[in-house]
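Ligands are counted one by one from 1 in listed order, and the atoms in each one are counted from 1 as well.
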Amino acid sequence: MKKIHLLLAAIFTCSMAFAQQPVYKNPSYSSQERINDLLARMTIEEKVGQLNQVNGGVLTGPSVANDPGAQGKVQLLKEGMVGSFLNVVGTEQTLATQKIAVEQTRLGIPLLFAFDVIHGYKTVFPIPLAEAASWDLEAAERATAIAAKEASAAGLHWTFAPMMDVSREPRWGRVMEGSGEDPYLQAKFAEARVKGFQGNLDENHVLATVKHFAAYGAAEAGKEYNTVDLSRYALWNYYLPPYKAAVEAGVATVMNSFNIMDGVPSSGSDFLVNQVLRDKWGFNGLVVSDWASFGEMINHGYSKDAKEAAIQSIMAGSDMDMESGVMRTTLAESVKNGEVPMAVLDEAVKRVLSLKFQLGLFDDPYKYHDAAKERRTLLAAEHLAEARKSAAASMTLLKNDQGLLPLQNPKSILVLGHLAESQEDVLDFWKGQGDHANTVTILEGLKAKYPASDITFIQAVNRDGIFDQNAVKQINKAAKKAEVVIATIGLFGDLAGEARSLGDISPSDGQMTMLHAAKATGKPVVVLVQAGRPMVLTEVVRDFGTILYTWIGGTQHGHGVADVLSGDVNPSAKTAMSFPAAVGQIPVYYNHYNTGRPHQDGNEGPAHFWVSRYRDIPNEPLFPFGYGLSYSTYEYSDLKLSKKSINQNESVTVTVNIKNTSQVDGTEIVQLYIRDLVAQPIRPVKELKDFTRVDIPAGQSRTVSFELPATKLSFYDENGNTLLQKGAFKVFVGKNSDDVLEADLELK
Ligand code: NOJ
């Protein structure tokens with residue numbers, strides 16, 4: 001009885017305590033009631049403060065003209081003029097900063113801490129483009145869940161990922177961040193990564209951001225921040241689907257892109273944000289600018305000054321100003337004089353506050369700042385194990401002509417090239433908090449894999465791609481005792497990422513000299529190519545028979561490489577971007593239109609003159625989208641459709657037989673494409689519509705079946721309306737976008 005009394009007394013005291021609190025601090029009210037209460041207490045300046053996101057750490061963009069400096073930022077924070085920080089990381093720093101917001105501001109509104117956790121926080125996974133080559137959605141979800149776990153343990157609430165910019169531009173440094181050239185594959189990865197990052201949004205997950213909205217990957221000539229000039233038809237069909245998939249998967253926030261669309265910077269685009277994102281797709285979450293992109297509308301020549309830029313951004317439906325300060329310095333005035341309705345400001349502020357309530361920050365603002373949890377979570381053994389699996393699963397075997405791979409217990413190996421010993425280059429610009437010191441190099445991976453082998457390393461070519469002439473002699477000498485040479489070429493890690501466009505994406509002359517020196521020894525050569533984008537490898541492919549594309553594998557890169565070289569992991573990855581045969585082909589991509597004068601490489605003579613082709617280089621890429629080999633070999637046969645024709649409400653079952661004709665168990669990525677033969681507007685020569693990963697033991701066959709609903713035959717018109725047109729289609733199933741079986745289907 002006494003106990004019950006005590007309990008009641010405790011409940012009573014507790015509710016008395018809440019009763020004395022303002023509604024917004026009282027958890028017994030709904031979030032909506034709490035947000036309304038808080039809004040009613042806020043000054044216009046405090047409201048604008050919530051829309052202000054400030055950099056508090058390393059610069060991930062240019063410093064801005066009106067930057068208040070470190071002291072100025074603390075002052076702004078105390079005045080309630082900061083809603084969120086980016087680039088403040090780690091429990092210690094985030095806790096100290098959060099304490100100022102909660103304990104030293106008038107209303108005690110907690111901050112959101114955001115950071116670019118692109119492919120891992122401390123445990124760095126392969127770059128997203130490499131991960132996409134695995135076509136393994138579950139693995140991508142696991143990887144992002146681990147990234148979220150580490151990031152949230154380090155005080156973060158919010159990541160600026162996944163990046164879902166379809167791109168056909170290997171010259172663009174940021175292709176590494178996305179999932180390649182295909183809208184369907186990219187959309188599938190969007191869903192998986194949003195799920196992985198956000199989970200149920202508890203304190204082991206983070207808010208995700210789909211970016212960059214929209215079509216940032218279409219920058220002209222692959223030049224960073226360049227003009228995008230697209231038809232609406234291309235926008236709807238090629239570029240928007242992945243962002244839409246992320247919205248449907250419940251992504252919490254969306255980031256504007258730097259580029260223009262129809263001559264309007266995305267940050268101020270009523271069409272993109274209000275009409276497409278909010279009205280058509282029903283997205284009611286937060287839209288954050290990209291770094292200073294509100295203010296950059298002045299450079300674009302779209303806004304005459306900061307005041308106009310802030311008005312144009314918020315009126316277009318964008319909410320939070322990352323780093324440009326145009327909202328902080330001008331928006332309160334524009335609201336007071338009626339140029340921006342209070343209701344518009346309130347809506348934007350509500351979106352920020354509702355995320356903070358959703359994360360429970362008003363009830364426990366310090367729940368992400370547990371130093372002991374941070375210590376035990378970062379680089380946990382199970383995270384490293386998953387990163388290793390993921391690295392191996394992304395390595396793409398481009399050639400294995402003589403079956404040189406796998407290398408089972410070679411007695412002696414000669415390893416060449418700076419990249420083999422580099423801890424730095426297995427990480428890219430977007431490495432999160434990844435430390436070079438924690439990475440495994442190729443050399444270390446090989447030594448761990450082959451403890452009994454005699455492994456000699458000669459750098460031969462340095463980080464800048466310069467060949468050391470003295471190395472020829474050393475290579476010749478060392479090769480005498482070597483059973484095999486492993487030569488590493490590619491681009492250094494930091495060349496993958498933002499502001500890293502390149503006009504030349506082929507190996508350096510020094511690397512080519514090294515490769516030829518290796519070849520001249522007469523020993524078998526395995527070429528490892530490490531880069532965050534497809535490179536132009538025409539000469540390498542012509543002269544070498546064994547090529548493994550390792551991408552940039554992250555913390556466990558070296559182990560991943562060794563797992564594949566040894567055959568402990570049978571490679572199965574297939575590239576999510578076409579590999580150009582020459583820079584002059586770019587953009588080269590599989591889902592192009594047919595043109596009025598199509599051309600097939602190899603067709604020569606007068607009948608093939610007035611056709612869509614180059615006179616000096618092929619039309620076809622060096623390796624098509626979806627291409628990759630395995631130590632297993634597969635034979636596809638018996639492509640069958642359950643029906644020859646379907647109506648708009650039906651689906652057809654597509655089956656194919658795949659035989660593993662090798663002695664090795666393998667996993668094959670099976671791809672289904674369609675072609676709409678006659679349509680208004682026209683459709684591409686192929687479109688990916690489904691895929692699956694199937695394990696096939698050596699010598700065995702599997703029947704793979706896909707359900708293809710008529711809805712997958714649809715596409716968008718230039719206004720984003722769905723069209724489903726009757727008529728003849730082709731259905732293709734195969735190993736890659738080029739090597740397929742085909743069947744006919746009619747839509748009635
Ligand atoms: C600019 C990049 O475009 C964006 O992706 C990133 O999230 C922000 N900087 C913040 O670092």
Side-chain angles (χ1 to χ4, degrees), residues 52-64 67 82-89 112-121 127-129 144 147-148 151 156-167 169 172-179 186 190 193-194 197 206-219 222-226 228 242-243 246 251-261 265-267 286-297 299-300 313 318-325 428-434 494 496-501 532:
N52 187 29
Q53 186 179 59
V54 173
N55 178 49
V58 292
L59 289 177
T60 46
S63 56
V64 285
D67 188 285
V82 182
S84 168
F85 271 99
L86 77 151
N87 297 341
V88 177
V89 297
L112 286 174
F113 292 105
F115 186 55
D116 291 289
V117 183
I118 306 295
H119 53 114
Y121 179 77
I127 55 166
L129 182 62
T144 39
L156 294 165
H157 307 123
W158 182 10
T159 175
F160 297 133
M163 186 271 223
M164 283 295 146
D165 299 324
V166 164
S167 186
E169 260 303 347
W172 190 44
R174 300 196 78 169
V175 286
M176 51 114 342
E177 247 183 282
S179 300
Q186 186 97 244
R193 292 189 178 129
V194 168
F197 279 130
V206 289
L207 303 163
T209 305
V210 67
K211 68 186 189 186
H212 305 81
F213 195 64
Y216 181 32
K223 190 170 72 177
E224 186 64 293
Y225 315 125
N226 206 8
V228 167
Y243 311 113
V251 74
T253 77
V254 175
M255 186 184 287
N256 303 121
S257 56
F258 287 123
N259 55 279
I260 56 165
M261 178 59 55
S266 303
S267 300
L286 178 81
V287 177
V288 61
S289 80
D290 201 346
W291 182 286
S293 68
F294 288 172
E296 286 173 10
M297 294 203 295
N299 290 344
H300 277 291
S313 311
S318 302
D319 302 309
M320 185 177 269
D321 180 356
M322 180 198 295
E323 265 299 277
S324 86
D428 60 298
F429 170 67
W430 291 121
K431 59 182 179 293
Q433 285 292 293
D494 191 58
E498 184 178 350
R500 280 135 173 99
S501 292

Heavy-atom pair of closest approach, residues S257 and S267: O-OG, 4.0 Å
Is a donor from one side chain sitting under 3.5 angstrom from an acceptor on the other, for [X] and [Y]?
{"X": "S318", "Y": "N256", "answer": "yes"}
{"X": "T60", "Y": "N87", "answer": "yes"}
{"X": "D165", "Y": "S167", "answer": "no"}

Atom 2 (C) of ligand 1 - nearest protein heavy atom and its distance: E498 OE1, 3.1 Å
Minimum-distance protein heavy atom relative to atom 10 (C) of ligand 1: D116 OD2, 3.2 Å
Is [X] close to ligand 1, meaning an N/O of one under 3.5 Å from an N/O of the other?
{"X": "Y216", "result": "no"}
{"X": "W430", "result": "no"}
{"X": "D290", "result": "yes"}

Can you list the ligand 1 atoms lying under 4.0 Å from a non-hydrogen atom of [X]?
{"X": "F160", "answer": "7 (O)"}
{"X": "K211", "answer": "4 (C), 5 (O), 6 (C), 7 (O)"}
{"X": "W291", "answer": "1 (C), 9 (N)"}
{"X": "T60", "answer": "1 (C), 9 (N), 10 (C), 11 (O)"}

Parallel, tilted or perpendicular, as decided by the 30° and 60° cut-offs, for the rings of Y243 and F213: perpendicular
E177 to ligand 1, any heavy atom closer than 4.0 Å: no
contact_flag F115 ligand 1 heavy-atom lt 4.0 Å: no
Trace of the side chain to side chain donor-acceptor pair (under 3.5 Å) decision for Y216 with E224: CA-CA 9 Å; Y216 181 32; E224 186 64 293; 2.9 Å; yes
Report the part of [X] (side chain from C-beta onward, or backbone N, CA, C, O) that has a heavy atom under 4.0 Å from ligand 1; answer both or neither where that applies.
{"X": "M163", "value": "neither"}
{"X": "L86", "value": "side chain"}
{"X": "R174", "value": "side chain"}

is_close_aromatic(F160, W430), centroid dist under 6.0 Å: no
Chi angles and distances behind the side-chain contact (heavy atoms from CB on, under 4.5 Å) call for D428, H119: CA-CA 10 Å; D428 60 298; H119 53 114; 2.7 Å; yes
Test item: V210 and R193 side chains (from C-beta on) under 4.5 Å apart, heavy atoms: no
